[in-house]
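Owing to the predicted nature of the structure, the values given are computational and were not obtained by experimental measurement. A, B, ... follow the sequence lines: proteins, then strands. Residue 1 opens every chain.
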Amino acid sequence: MTSHYAIKDWRLIGASAHGAKHILEEKPNQDRGMYFNQNRVMPFPPDDTINETIINLPIILAVADGHGAQIHFRSEKGAEIAVDTAIDVCKKLENSSFNSIKDSKIKEWLCRDIYRRWVEKVQINIDKNPFSENEKILLRKKVEPKIPQLVNDNNELLAYGSTILTIIIHDTFILFLQLGDGNIFVINQDGTTDRPIPDDDRFVGTETTSLCLPEAWYEFKVKLIEITNNSDYPLMVLLSTDGLEGSYREGLLDRGLNRFCSDIVTIVCEHTDGIHAGLDNINESLLNWLNSISKTGIGDDTTVGIIFNIPQIIKYRNSNYDIIIKKKSIELPIEEKLPKNEITPQNPEIRLGFETPLNEKNETISEPNEQIVDCIK
Amino acid sequence: MTTPMPGGPTESKPLHFIWICDCSGSMKGEKISVLNEAIKQTLPEMKTTAVNNPFATIFVRAIKFSSGAEWINTDPVPLEKYSWFDLEADGVTDLGKALSMVADEMKIPPMPAKRAIAPVLVLLSDGQPTDNFDKGLKKLLDEPWGKKAVRIAIGIGSDADFDVLNKFINNAEIPPFRADNATDLINYIRWASTTLIKDVTERKSDGSKRDGITLPPPPDSAPLDTAPW
């Protein structure tokens, strides 16, 4: 399989923050995050950030939110099984193409498989860790009748209730899958924000669909986008569990996930040491931000995974920002950060992957130990 | 250098608490007086309960019904700024009108679609509705947040219509309370504004997706030799 892109054109940054309220109550973080790239599966580590330069497509990213209510007392495990299963099942798309899947009923063969294998793994987990008598009593309790789907014939699954959000970025397509609450945001080439999968307006408050529902595969929301050339890719894609959106008041322009996404792009684009430094800044700050948002918001666990397309961000920055990019030459670990086939000491701006030539006016900047390597019109 | 946090200001989730108070003529005297005093007395405890849960912001309102219905404060008031204004009793029992007005406040908007804790509606009444109660109740239950609300009813004295209060609660597992004397009424009001609030805010603000319908244990009734209304 041949990639459209040269190496290192993507970057993944993610983190899972333990909810402030859960910490107070000595409950575990019931969110999980995981990604797959180059035959490697990596879970989001606790209290740390994922920061990966992507070598080749596809990349698969999954986040899951185990439900917090008492009856979902094993939802932490349910979320762990959810991301593991979603990644495992979606790996079979590695050698697919847009044309090979566009007319298929993705929900029936892909989402159904995720659901079926999640149930199987949960059953195995139950066999290994049988419910106590008290847990059995809890599962037999009547659940809220306002969601009739919940009154089902396999209450054991309720203990493991979890959402699952997955994205597959491939050479020829991007596929979004979502079951339950949480958010997927796309920042388009022009900086506008899209939600490929809209909110489920059947529910109010904390109600949601879940893998623990009977035949839950049917509740998956699916969106497939064709990629015909590099310029089709968005600047950025963000997956988050609902702890993030829930911490912002609804319907206000000055706050919320739209602004969160556009602020992230701004932070990356406005960094005076270049795009990669901006991304490093996101990496260094993300977990602290999520912890802070949880503390001042609703206290829920919050997991976020962001995939950046570096060439598209550079193009966007070149068209929209007037920033002088400065770089201390001694800071740049060239071999690690740059595509080897593009490293040319004579063209330092290309070393950073920027597409615009060095602007004459920036040559006037001279600070000790600093070298101008790029600028944006 | 610290990078400014993306996304803008964050907030805890709102919980709307509404007293629905019967101010008909039959409430005159001791009943309305005890109701006023009980709510005033328990406000400090209610505020303490709220302070202990930083992940929920409680907003309080009250609506009275007699000949017609009227909001005591139409706009939700943050609990820390809330104070009670004594109600007076006179007129008939237009409960249906009051429920219809509460239903308007349960619409989306003004309620948010997702980001709120289930509202708490506490109905206090000593009599039978004199208007179209069923119509008002249907309007309330037709609103998603009206249906999802935790609805509690306190019947004051033996003349209260407990069938009506049961219909308001609309949940066979939650019976209405019966306050046969001043002690009962004070205890139930204290329970609703402290124990219940604590339970609802903690249950709903911890990321719970689907919550059971059980409520915290109510207070015991006053001893049998307590003087009735």
Side-chain angles (χ1 to χ4, degrees), chain A residues 19-22 25 27 30 65 67-72 141-147 150 161 180-181 199 201 203-208 210 242-252 254-257 259-264 266-267 281-282 284-285 289 292-293 296-301, chain B residues 1-16 52-57 59 106-119 141-151 170-174 199-215:
Chain A
K21 193 162 197 321
H22 286 188
E25 293 168 350
K27 288 182 180 174
Q30 292 153 336
D65 179 357
H67 310 325
Q70 195 185 11
I71 197 164
H72 310 293
K141 272 189 181 175
K142 205 171 179 182
V143 291
E144 188 171 359
K146 292 170 190 171
I147 307 175
L150 271 179
D181 56 27
D199 263 345
D201 56 13
F203 299 121
V204 296
T206 52
E207 293 174 351
T208 177
S210 166
D242 71 336
L244 184 59
E245 184 186 40
S247 290
Y248 298 105
R249 196 191 294 183
E250 289 172 21
L252 297 178
D254 71 332
R255 66 197 70 182
L257 276 189
R259 181 174 160 188
F260 187 91
C261 291
S262 57
D263 285 351
I264 293 277
T266 302
I267 290 167
N281 196 346
I282 301 292
E284 286 156 15
S285 308
W289 288 336
S292 181
I293 287 167
T296 56
I298 60 172
D300 199 2
D301 302 327
Chain B
M1 186 185 73
T2 307
T3 307
M5 194 156 71
T10 53
E11 289 175 31
S12 54
K13 272 191 184 178
L15 164 65
H16 292 276
N52 290 335
N53 188 342
F55 305 107
T57 306
F59 294 91
M106 294 291 108
K107 290 181 189 297
I108 304 171
M111 286 291 288
K114 300 274 181 194
R115 200 186 164 280
I117 299 169
L141 297 181
D142 281 348
E143 293 299 330
W145 282 115
K147 192 177 174 188
K148 196 173 175 62
V150 176
R151 295 179 304 278
N170 193 33
N171 185 333
E173 296 192 21
I174 305 176
D199 182 81
V200 170
T201 53
E202 289 186 351
R203 180 157 42 108
K204 296 286 186 180
S205 64
D206 69 352
S208 302
K209 304 296 171 185
R210 293 176 209 90
D211 299 292
I213 49 176
T214 53
L215 294 176

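- Under the salt bridge (Lys or Arg N to Asp or Glu O under 4.0 Å) criterion, A:R249 pairs with B:E11, not counting sequence neighbours.
- In this structure the side chain of B:I108 never reaches within 4.5 angstrom of the side chain of A:E250, judged on heavy atoms.
- Closest approach of A:G297 and B:F55 over heavy atoms only: O-CD2, 3.6 Å.
- Residues satisfying the side chain to side chain donor-acceptor pair (under 3.5 Å) test with A:D199, not counting sequence neighbours, are A:R195.
- Between A:D263 and B:M5 there is no side-chain heavy-atom pair separated by less than 4.5 Å.
- Interface residue A:S285: only side-chain heavy atoms are found under 4.5 Å from chain B.
- Distance alone, capped at 3.5 Å, is enough to place a donor-acceptor pair between the B:R115 side chain and the A:Y248 backbone.
- The shortest non-hydrogen separation linking B:P9 to A:D254 is CD-O, 4.0 Å.
- Chain A forms more heavy-atom pairs under 4.5 Å with one residue of B:A113, B:P144, B:S12 than with any other, namely B:A113.
- To the nearest 0.5 Å, atoms OG1 (B:T57) and CD1 (A:I298) are separated by 11.5 Å.
- The pair A:E245-B:K114 fails the salt-bridge criterion, with no side-chain N (NZ, NE, NH1 or NH2) lying under 4.0 Å from an Asp/Glu carboxylate O.
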